[in-house]
Amino acid sequence: MARILFLSGWAGFAPLFPNLSKACEFITPFTDPDSPDEKAVFERLDKGGETLLAWSTGAHMALKHGRCLATFRHVLLVAPFLRFTDSFPARVVQAMMDQLDRDPAGLLHNFYTNCGLAESAMPIPRHPDQHPLIGALKNGLQYLLDSTAAPTLPQGADITLVMPQNDKIVRARAARSVVQTLDGTALKQVPGGHCLSEETLHALLHEKTGTPVF
């Protein structure tokens with residue numbers, strides 16, 4: 001088992017993080033064959049480990065399965081939220097689901113642009129309309145419409161919440177609700193959009209654990 005579990009976000013495929021995805025145990029919820037749903041992700045979280053890095057939807061799932069937060073020695077939750085629609089309107093999520101059927105490449109391009117990614121870094125399949133993950137991506141969006149986390153802070157958990165300062169997906173008010181719920185948890189604000197660079201994530205991990213990832 002790798003030292004770090006990286007639980008990614010919706011459409012947060014490994015090519016977004018080419019080095020970290022190789023150095024860590026990397027999971028993209030819903031689209032990974034071994035993690036097609038919440039239950040499978042929770043089962044992996046229950047196994048614990050040394051360090052959990054969870055981003056966006058991954059951070060939400062970790063919060064929803066709050067007891068797992070004490071099964072890791074270190075926890076970094078990046079762009080966390082309790083309920084996605086607190087900062088991203090449900091009608092927009094529904095429109096994204098509809099667009100997946102009509103223009104999946106356009107949808108992914110718009111999403112990654114709002115994440116703050118350059119076009120050259122966008123992992124869009126060459127023929128996305130034929131891509132087998134479209135159904136899984138729709139399942140993930142439905143999950144974001146329906147899911148709510150109500151965590152309590154487990155005793156002994158070492159958690160740092162990370163808020164990107166220019167996040168256009170998870171707005172500050174949604175992240176602040178996590179801070180209020182997990183009162184006393186460390187909060188770090190960092191420059192960047194919703195999808196932080198590998199360099200920033202590596203620096204956060206190094207600072208948190210005292211050990212470089214690679």
Side-chain angles (χ1 to χ4, degrees), residues 2-12 16-21 23-29 41 45 48-84 86-88 112 114-118 121 144 149-214:
R3 184 169 61 88
I4 299 169
L5 172 61
F6 188 160
L7 184 56
S8 192
W10 183 83
L16 287 173
F17 314 99
N19 297 305
L20 281 173
S21 62
C24 305
E25 179 185 354
F26 188 85
I27 295 175
T28 307
V41 172
L45 289 172
E50 182 175 339
T51 301
L52 171 64
L53 169 62
W55 168 52
S56 192
T57 299
H60 169 78
M61 297 176 105
L63 287 168
K64 189 172 182 180
H65 197 51
R67 71 185 188 201
C68 79
L69 297 175
T71 65
F72 291 87
R73 184 178 177 188
H74 308 289
V75 177
L76 272 168
L77 302 180
V78 180
F81 55 87
L82 301 179
R83 185 172 57 191
F84 190 62
D86 283 347
S87 65
F88 207 84
Y112 292 135
N114 285 329
C115 285
L117 291 173
L144 290 174
T152 55
L153 185 61
Q155 186 174 3
D158 177 21
I159 304 169
T160 297
L161 305 175
V162 179
M163 293 172 56
Q165 293 174 338
N166 302 309
D167 198 328
K168 296 181 179 180
I169 304 295
V170 177
R171 304 288 181 173
R173 63 180 176 273
R176 281 196 297 267
S177 67
V178 179
V179 176
Q180 293 166 0
T181 300
L182 298 184
D183 186 37
T185 301
L187 171 65
K188 194 172 187 67
Q189 297 190 20
V190 297
H194 184 63
C195 184
L196 294 176
S197 68
E198 271 202 315
E199 292 77 15
T200 299
L201 292 174
H202 181 263
L204 289 166
L205 285 165
H206 193 178
E207 180 182 18
K208 182 72 173 175
T209 66
T211 305
V213 180
F214 42 75

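Just so you know, these numbers come straight off a predicted model, no measurement behind them.
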_Check: Trp10 ring centre within less than 6.0 Å of Phe84 ring centre_ = no
Closest approach of [X] and [Y], non-hydrogen atoms and distance?
{"X": "Ala174", "Y": "Asp86", "result": "CB-CB, 4.4 Å"}
{"X": "Ala23", "Y": "Val213", "result": "CB-CG1, 3.7 Å"}
{"X": "Leu16", "Y": "Ala11", "result": "CD1-O, 3.9 Å"}

*Please lay out, stage by stage, how Leu63 and Leu182 fare under the test side chain to side chain contact (heavy atoms under 4.5 Å, CB included).*
CA-CA 10 Å; Leu63 287 168; Leu182 298 184; 3.5 Å; yes
_side chain to side chain contact (heavy atoms under 4.5 Å, CB included) assessment of Ile4 paired with Glu50_ = CA-CA 6 Å; Ile4 299 169; Glu50 182 175 339; over 6 Å; no
I want to check something: taking the side chain as every heavy atom from C-beta on, are [X] and [Y] in contact at a cut-off of under 4.5 Å?
{"X": "Phe81", "Y": "Thr57", "result": "yes"}
{"X": "Val170", "Y": "Pro80", "result": "no"}
{"X": "Pro154", "Y": "Arg67", "result": "no"}
{"X": "Leu204", "Y": "Val162", "result": "yes"}
{"X": "Val190", "Y": "Val78", "result": "no"}
{"X": "Val75", "Y": "Asp158", "result": "no"}
{"X": "Leu82", "Y": "Pro151", "result": "yes"}

*Where does the angle between the aromatic ring planes of Phe6 and Phe17 fall among parallel (under 30°), tilted (30 to 60°) and perpendicular (over 60°)?*
tilted
*Side-chain donor-acceptor pair under 3.5 Å between His206 and Thr211, yes or no?*
no
*asked:* Looking only at the side chains, is there a donor atom on one of Thr51 and Lys208 sitting less than 3.5 Å from an acceptor on the other?
replied: no
*Going through the distances and angles, do Ile169 and Asn114 end up as a side chain to side chain contact (heavy atoms under 4.5 Å, CB included)?*
CA-CA 7 Å; Ile169 304 295; Asn114 285 329; 3.8 Å; yes
*When you check the gap from the basic side-chain N to the acidic O, do Glu25 and Arg3 get nearer than 4.0 Å?*
no
*Just do the side chain to side chain contact (heavy atoms under 4.5 Å, CB included) check on His194 and Trp55 with the steps written out, would you?*
CA-CA 9 Å; His194 184 63; Trp55 168 52; 3.5 Å; yes
*Do the side chain of Thr209 and the main chain of Leu205 share a donor and acceptor less than 3.5 angstrom apart?*
yes
